[in-house]
Each structure stands twice: as C-alpha cells, then as structure tokens.
Amino acid sequence: MSLALTRRRAASALMTAALLVPLAACGGESDSKKNADAGSTAEGSASGAPAADLTVLAAASLTDVFKTAGAAYEKANPGTKVTFSFAGSQELAAQVKQGAPADALVTADTRTMDGLRGDTGSPEIIAKNRLVIATGEGNPDRIESLKDLADPQLKVVLAAPEVPVGRYGKQVLDAQKIVVKPVSQEPNVRAVLSKVELGEADAGIVYKTDAATATDKVDAVEIPDAQNAIADYPAATLKTSEHTDAAAAFVSWLSGPEAQKILQDAGFQKP
C-alpha cells in the first residue's frame, strides 16, 4: 500500500472520529435531559398533580385558612410551591385585569368572579361564609343586633361598598332599613377587623371566620339567618397561567375532602 493512500485513510478515520464526538455528547445531553424530565414528571404524577410554583390570588378573608391549606397541598404534592397574594376581591380583580402573573384566583363573591369570565376558567364554589358583628372583647357596648349599629354614639366601621363584605353588609342593613354612618370604609374585611381589634372602632361587620381568628381580642355577635347574607367563594384558574395543569389540579383539590376539612374546621360552610 502506498504511503499516500495510508495517509489518506488515517486522515479519514480521524475526521470520522472528530465528527462522532460531538454527536455522542449531544446524545448524552439529550438522554440526561430526558431522564431529568422523566424524574420531574414522575414526581408530579406520583402525587397526582404536575410539580410547579403556583401563585394564587385569594380574598383577604382566606388569609389564615389558605396558609394551612397551602402547606397541606405542598406536603401532598412534592415539588410544588404555592404562594398566596391576599387582598380584597375587587383589588384582585384589578390585578387580573392588569395582567398580574398568577395561576389561580379565589374571590369572596361570585359577582367579582363573573366580571372576569374572559380571564378565567370555569369557577367552582369551594366554600360559603356568613356575617357577624365584631365588637371589642367582652362586648363593652352591649351590642345585640344590627339595629344597635345605628346608635350615633358608636364608632362603626364597614368595608367599602365595592368590597364583597361591604356589599353584603349594606345588603343586610338595607333589608332591615337600618341606617349606619360608618367612621371609615375599609378596603377589605381584615382591615375592618383590625380597627375593632385595636379599639379604633366599637363594632364592624365581618365574616364569621375572620372574627374566629381573633377571639382573644373581639367578640362575635351572631346575625340571625333571616337577616344574614351568605357569601360564596368561587375558585378558578387564570388563562394567563404558565402552569395550566398544575393550577387546575390545585383548584380541583380545593373541592376535595382534605381541603374541605381544613376550610370547615376554620368555620367556613360547605359549598
């Protein structure tokens, strides 16, 4: 065999080897990625939901119970993290309209949710709530009913009428033809409760579940069923979510037995 032919064959072998190295590397990277993806999928599917970092916009009255629910969901779904943003439902609706990055929404009324039909999936009612009158600890002003709130000597605080709890409060007062002149109108139910807790108001209309979070600072005066209003809490996915399946799984879980027990233990009613 000539020296020239030998050299050509050697050069050809070296070139082939050089071409195969990057292909092998690419193949290894692909296999590694596939294995990583498979592990991620397996982690999600083992718990029944895809793993994801979820952001949930939720009504202020859900603050305490959703912290408990979120921890339970994360424990049942390894690899998933749920971050909540709490505010009045009307504020949450404005955030959705402005394109805030989030995956699911839970409001304290159906009216707010219905106004976002183009931005959400089909909502599900996950809980109900009712109103009570929050007073200072020991009820020092001896408030017994809605009509007592009309006393001009009392400092009464209500939520603003565009807030679900404010609208419910106005509804029950109007139905009884009771005129109340509040010293302030707050942006959410927790702000109303805070005013009473701090002694800045003598009384306020809040949800039963909110009053239950501050039993060491406020008393709750029950409002009879015939005079009360029922608040519905709908939950829905957001169409802008980047984790559609995971968001849908969380919303569905809220209607399941584990979440329902957490909600009802906190004083919410069955949907």
Side-chain angles (χ1 to χ4, degrees), residues 57-63 86-97 105-116 123 125-136 139 141-214 218-234 267-269 271:
L57 306 179
S61 52
L62 294 165
T63 299
F86 298 105
S89 296
Q90 81 291 347
E91 293 180 46
L92 301 178
Q95 291 176 31
V96 171
K97 288 294 186 184
L105 170 69
V106 188
T107 62
D109 67 335
T110 55
R111 180 187 296 188
T112 300
M113 186 68 79
D114 288 346
L116 297 169
I125 303 297
I126 62 160
K128 293 179 181 290
N129 213 339
R130 59 198 306 106
L131 304 178
V132 297
I133 302 169
T135 73
N139 193 4
D141 297 293
R142 300 181 182 277
I143 296 168
E144 297 179 352
S145 65
L146 288 170
K147 66 181 181 180
D148 292 335
L149 300 181
D151 184 345
Q153 300 301 314
L154 286 179
K155 292 185 292 183
V156 178
V157 62
L158 302 174
E162 62 269 19
V163 184
V165 72
R167 188 164 59 250
Y168 294 133
K170 185 177 186 305
Q171 175 185 323
V172 299
L173 291 170
D174 287 351
Q176 299 302 310
K177 296 181 170 53
I178 298 170
V179 178
V180 174
K181 295 182 178 180
V183 294
S184 68
Q185 293 183 313
E186 301 300 320
N188 59 65
V189 69
R190 284 307 173 95
V192 175
L193 183 67
S194 178
K195 290 278 189 179
V196 179
E197 286 182 287
L198 296 172
E200 296 175 8
D202 300 315
I205 294 179
V206 301
Y207 295 118
K208 183 175 182 178
T209 54
D210 288 286
T213 67
V218 305
D219 280 12
V221 178
E222 296 286 339
I223 300 173
D225 289 348
Q227 299 175 11
N228 216 323
I230 301 298
D232 289 327
Y233 286 72
F268 289 85
Q269 297 174 254

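- Contact detail for Val218 and Ala211: the closest heavy-atom pair is CG2-O, 3.9 Å.
- The CG atom of Asp219 sits 6.0 Å away from atom CG of Asn139, with the distance rounded to the nearest 0.5 Å.
- The OG1 atom of Thr107 sits 10.5 Å away from the CG atom of Leu57 when rounded to the nearest 0.5 Å.
- Counting heavy atoms from C-beta outward, Val106 and Ile126 have side chains that approach closer than 4.5 Å.
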All N/O donor-acceptor pairs, side-chain side in residues 196-207, below 3.5 Å, sequence neighbours left out:
from, atom 1, to, atom 2, distance (Å)
Glu200, OE1, Lys195, NZ, 3.3
Asp202, OD2, Lys155, N, 2.7
Tyr207, OH, Val165, N, 3.4

- Message: Between Asp210 and Val132, does the side chain to side chain contact (heavy atoms under 4.5 Å, CB included) criterion hold? Intermediate values first, please.
- Response: CA-CA 9 Å; Asp210 288 286; Val132 297; over 6 Å; no
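- Between the CG atom of Leu62 and the OG1 atom of Thr209 there is a distance of 7.5 Å, given to the nearest 0.5 Å.
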Table please: side-chain donor-acceptor pairs of residues 145-154 below 3.5 Å, with sequence neighbours left out.
from, atom 1, to, atom 2, distance (Å)
Asp148, OD2, Glu144, N, 2.7
Asp148, OD2, Ser145, N, 3.2
Asp151, OD1, Gln153, N, 2.8

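- When all heavy atoms of Pro161 and Gln185 are compared, the pair lying nearest together is CD-NE2, 3.8 Å.
- Counting only distance, with no hydrogens or angles, the side chain of Thr112 and the backbone of Asp109 share no donor-acceptor pair below 3.5 Å.
- Checked against side-chain hydrogen bond (donor to acceptor under 3.5 Å, both in side chains), Arg130 has the following partners two or more places apart in sequence or in another chain: Asp225, Gln269.
- With rounding to the nearest 0.5 angstrom, the CD atom of Gln95 is 10.0 Å from the CD atom of Gln90.
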In a table with atom names and distances, give each donor-acceptor pair under 3.5 Å that connects a side chain of residues 170-177 to protein atoms at least two apart or in another chain.
from, atom 1, to, atom 2, distance (Å)
Lys170, NZ, Asp174, OD2, 2.7

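- Summarising the geometry of Leu193 relative to Ala214, their closest heavy-atom pair is CD2-CB, 4.3 Å, with the distance given to 0.1 Å.
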- Item | Test log, rule side chain to side chain contact (heavy atoms under 4.5 Å, CB included), inputs Val96 and Leu105 | CA-CA 9 Å; Val96 171; Leu105 170 69; 4.3 Å; yes
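- Between the CZ atom in Phe86 and the CG atom in Asn188 there is a gap of 11.5 Å [rounded to 0.5 Å].
- One finds the OG1 atom of Thr135 at 6.0 Å from the CD1 atom of Ile143 (value rounded to the nearest 0.5 Å).
- Under the ring-ring contact (aromatic ring centres under 6.0 Å, His included) criterion, Tyr233 pairs with Phe268, not counting sequence neighbours.
- Side-chain contact of Glu91 with Ser89: a donor-acceptor pair under 3.5 Å is absent, judged by distance alone.
- Contact check for Pro123 versus Met113: side-chain heavy atoms found under the 4.5 Å cut-off.
- Within the 4.5 Å cutoff, the side chain of Leu116 has heavy atoms near those of the Lys97 side chain.
- Of all the heavy atoms in Val192 and Leu158, the pair that sits closest is CG2-C, 3.7 Å.
- Proximity of Leu131 to Lys208: side-chain heavy atoms (C-beta onward) are nowhere separated by under 4.5 Å.
- Every residue meeting the salt bridge (charged side-chain N to carboxylate O under 4.0 Å, His left out) condition with Asp232, not counting sequence neighbours, appears here in chain and number order: Lys128.
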